[in-house]
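Right, one structure below, let's go through it.
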Amino acid sequence: MAAGLLFSAGLALAASPAPGNAKNEAAVREVLAGKRTEANAAWWGFDPDDSTAALQAAIDSRARKLVVPFMGRPWIARPLRLRSNQEITLEPGVVVLARKGEFRGHGDSLFTATGESNITILGYGATLRMRKRDYQNPPYEKAEWRMGIALHGCRNVRIDGLRVESTGGDGFYVDGGAGRPASEDIVIRNCVAHDNHRQGISVISAVNLLVENCFFSGTSGTAPEAGIDLEPDTPEQRLVNCVIRNCRFENNHGHQILVYLKQLQRSSEPVSIRFENCYSRMTGEAGGGWAGMAVGAVRDDGPKGLIEFRNCTTEDTGREGAVVYDKSADGALVRFVNCSWKKPWNASAADYGGPRVPVLIRLRHPEITKKYGGVEFADCYVYDDVNRPALQAEEDQTQLGVHDLHGRMVVENPAGARFKLGPNRDHADVELVPAGPGTNRHAQ
């Protein structure tokens with residue numbers, strides 16, 4: 001999957017554009033008059049120094065289908081706005097490149113849609129590229145919202161086959177807006193988000209979201225630096241029927257996968273988030289990185305619902321394979337089904353003084369919850385060669401005790417299969433099954 005997605009559009013720039021990709025004022029008039037429903041962006045004129053006007057005019061034409069052709073050179077652009085009821089195809093080899101010296105506004109994104117509906121972007125072999133390292137230094141002011149594609153309160157959007165890289169924020173951003181609490185019916189499929197400043201993708205508020213067969217890598221610049229971060233900003237926002245399937249998360253400097261729900265309340269819509277067949281890892285040359293899967297900050301008065309990981313694997317992660325922290329046992333349930341955690345804690349993390357275990361349930365902030373826990377494991381696996389617990393519950397400042405840990409893990413460790421759940425635990429009945437000779441099972 002990843003090898004095909006990593007196609008670099010820049011490799012094809014030596015070729016020549018097709019002869020029909022020339023300025024064509026007659027064709028433009030026919031599009032604007034409704035006589036044509038399909039258009040070529042080059043008809044509005046291609047300027048190798050700044051094609052913003054041509055691209056925006058082509059989008060604003062409301063042509064049902066719009067082709068952005070390969071011209072042999074990048075389409076240089078300032079911020080662009082997407083429109084409803086349009087399918088845009090970026091031909092293989094196309095690069096839409098952020099114009100140097102522009103994007104001074106903190107929220108200037110390459111493509112933005114606000115309150116729009118029925119948009120399709122097809123970009124197999126095409127790239128959206130910004131200038132992250134420029135934005136990280138003067139004269140640019142510090143900001144983290146210069147996105148590749150930002151969706152605010154949109155409906156029925158499909159993005160397929162596109163690579164988004166080196167943004168000043170997130171590769172993809174999904175939120176409410178334009179009077180809508182969430183974007184709805186969003187599909188992001190077969191896409192790559194690489195080398196972005198804040199996140200590969202941020203999901204702030206979404207209903208019926210599918211992220212499928214995507215690759216999120218190399219995020220670094222400003223926290224959280226995750227591959228994906230599902231994190232509402234207000235109690236009114238929603239994470240409902242959000243499915244992340246067959247995706248890969250690699251070499252992001254924060255958590256590879258992060259779900260952070262601190263702003264949601266008991267009155268918020270129950271969450272329903274599912275990761276299926278996802279894979280997270282760090283490679284040796286990259287170093288760093290945090291957990292492969294992280295869920296945090298479900299308050300005692302936080303939302304109900306379910307956050308589920310099915311058939312997901314982490315390997316060679318910087319820190320834990322999975323960490324669940326500051327999550328109330330009375331809030332949304334976290335469930336791991338047939339998940340595997342292999343070779344965690346490959347980063348030095350010299351500033352970290354907590355337990356270095358494959359799976360950690362942790363209470364850092366008792367002001368968020370006085371009853372932490374609420375996690376299930378169904379036939380999960382830990383592969384480790386360090387003498388340490390496979391699963392640990394840990395409290396930084398209190399002895400409140402962990403609550404409601406259930407399920408079964410198979411542990412392969414030559415030193416034995418064990419967990420450490422601490423004192424005062426309540427309804428903690430996780431079963432650890434040893435794999436391999438010379439192992440044993442016990443609790444501390």
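In what follows, every heavy atom counts, from backbone to side chain, and hydrogens, waters and symmetry copies are set aside.
- Comment: Glu308 engages Arg335 in a salt bridge, judged by a side-chain N to carboxylate O separation of less than 4.0 angstrom.
- The cationic group of Arg146 lies under 6.0 Å from the six-membered ring centre of Tyr135 and within 45° of the ring axis, placing it in a cation-pi geometry.
- A salt bridge does not link Lys342 to Asp316: none of the charged nitrogens lies less than 4.0 Å from a carboxylate oxygen.
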Steps toward side-chain hydrogen bond (donor to acceptor under 3.5 Å, both in side chains) verdict (Asp160, Tyr124): CA-CA 7 Å; Asp160 206 340; Tyr124 286 92; 2.5 Å; yes
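- Summarising the local packing, CZ of Arg408 is surrounded by more than 12 heavy atoms from other residues, nucleotides or ligands at distances under 6.0 Å.
- A distance-only check finds no donor-acceptor pair linking the side chain of Thr314 to the backbone of Gly292 [under 3.5 Å].
- Between the side chain of Thr89 and the backbone N or O of Glu91, no donor-acceptor pair lies under 3.5 Å.
- Residue Lys304 places its NZ atom among more than 12 non-hydrogen atoms of other residues, nucleotides or ligands, all under 6.0 Å distant.
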Test ring pair (Phe, Tyr, Trp, His ring centres under 6.0 Å) applied to Trp290 and Tyr352, step by step: CA-CA 11 Å; Trp290 288 50; Tyr352 178 78; 7.9 Å; no
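- Proximity of a side-chain donor or acceptor of Glu225 to a complementary backbone N or O of Gly221 within less than 3.5 Å is detected.
- Between Asp170 and Ser202, the side chains place a donor N or O and an acceptor N or O closer than 3.5 Å (distance only, hydrogens not considered).
- Salt-bridge annotation for Asp50 and Arg78: present, with a side-chain N of the basic residue lying under 4.0 Å from a carboxylate O of the acidic one.
- Screening Glu250, Glu165, His194 for a side-chain hydrogen bond (donor to acceptor under 3.5 Å, both in side chains) with Ser217, the sole residue that qualifies is His194.
- Nearest heavy-atom pair across Pro303 and Leu261 is CG-CD1, 4.3 Å.
- Counted by atom type alone, Thr283 and Asn251 present one or more donor-acceptor pairs between their side chains at under 3.5 Å.
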Steps toward side-chain hydrogen bond (donor to acceptor under 3.5 Å, both in side chains) verdict (Asn196, Thr219): CA-CA 5 Å; Asn196 295 294; Thr219 309; 5.5 Å; no
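- The CD1 atom of Ile188 lies 10.0 Å from the CG atom of Leu162; values are rounded to the nearest 0.5 Å.
- Without hydrogens or angle criteria, Gln199 side chain to Ala226 main chain gives a donor-acceptor distance under 3.5 Å.
- Checking side-chain atoms of Arg99 against main-chain N and O of Asp49 turns up a donor-acceptor pair under 3.5 Å.
- Cation-pi geometry between Arg104 and Tyr140 is met: under 6.0 angstrom from the ring centre, within 45 degrees of the axis.
- In the displayed structure, Glu367 atom CD is contacted under 6.0 Å by more than 12 heavy atoms of other residues, nucleotides or ligands.
- A salt bridge does not link Arg310 with Glu276: every distance from a Lys NZ or Arg NE/NH1/NH2 to an Asp or Glu carboxylate oxygen is 4.0 Å or more.
- If you check the side chains of Asn156 and Asp185, you find no donor sitting under 3.5 Å from an acceptor.
- Between the side chain of Gln56 and the backbone N or O of Arg81, at least one donor-acceptor pair lies under 3.5 Å.
- To the nearest 0.5 Å, atoms CG (Leu306) and CG (Leu333) are separated by 5.5 Å.
- Applying the ring-ring contact (aromatic ring centres under 6.0 Å, His included) test between Phe336 and each of Phe275, Phe309, Tyr381 identifies Phe309 as the sole match.
- By the 4.0 Å N-to-carboxylate-O rule, Arg133 lies close enough to Asp195 to be salt-bridged with it.
- Pro232 places a side-chain heavy atom less than 4.5 Å from the side chain of Leu239.
- In this structure, Lys370 contributes its side chain and Pro366 its backbone to a donor-acceptor pair below 3.5 Å.
- With no hydrogens or angles considered, no side-chain donor-acceptor pair links Gln237 and Ser205 at under 3.5 Å.
- Here the side chain of Ser183 pairs a donor or acceptor atom with the backbone of Gly153 at under 3.5 angstrom.
- Residues Lys371 and Asp326 are not paired through a salt bridge, judged by the lack of any N-O separation under 4.0 Å between the basic side chain and the carboxylate.
- With Ser61 contributing its side chain and Ala63 its backbone, the two residues share a donor-acceptor pair below 3.5 Å.
- For the residue pair Asp300/Thr369, the side-chain donor-acceptor check at 3.5 Å is satisfied.
- Cation-pi geometry between Arg364 and Tyr325 is met: the NZ or CZ atom falls under 6.0 Å from the ring centre, inside 45° of the normal.
- Checked by atom type and distance alone, the side chain of Asp60 never pairs as donor or acceptor with a backbone atom of Ala57 at under 3.5 Å.
- The OG atom of Ser84 lies 3.5 Å from the CD atom of Glu116; values are rounded to the nearest 0.5 Å.
- When only modelled atom types and interatomic distance are considered, Ser268 and Gln265 share no side-chain donor-acceptor pair under 3.5 Å.
- In this structure, Trp341 has its ring center no closer than 6.0 Å to that of Tyr383.
- Inspection of the His106 and Glu141 side chains reveals an N or O donor paired with an N or O acceptor under 3.5 Å.
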From CA spacing to verdict: side-chain contact (heavy atoms from CB on, under 4.5 Å), Asn40, Asn21: CA-CA 7 Å; Asn40 184 321; Asn21 295 332; 2.8 Å; yes
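- Ser328 and Asp330 share no donor-acceptor pair across their side chains, judged by distance under 3.5 Å alone.
- For the atom pair CH2 (Trp44) and OG (Ser51), the distance works out to 13.5 Å, reported to the nearest 0.5 Å.
- Between atom CZ of residue Phe46 and atom CD1 of residue Ile76 there is a gap of 7.5 Å, rounded to the nearest 0.5 Å.
- Separating the OG atom in Ser220 from the CZ atom in Arg198 is a distance of 14.0 Å, to the nearest 0.5 Å.
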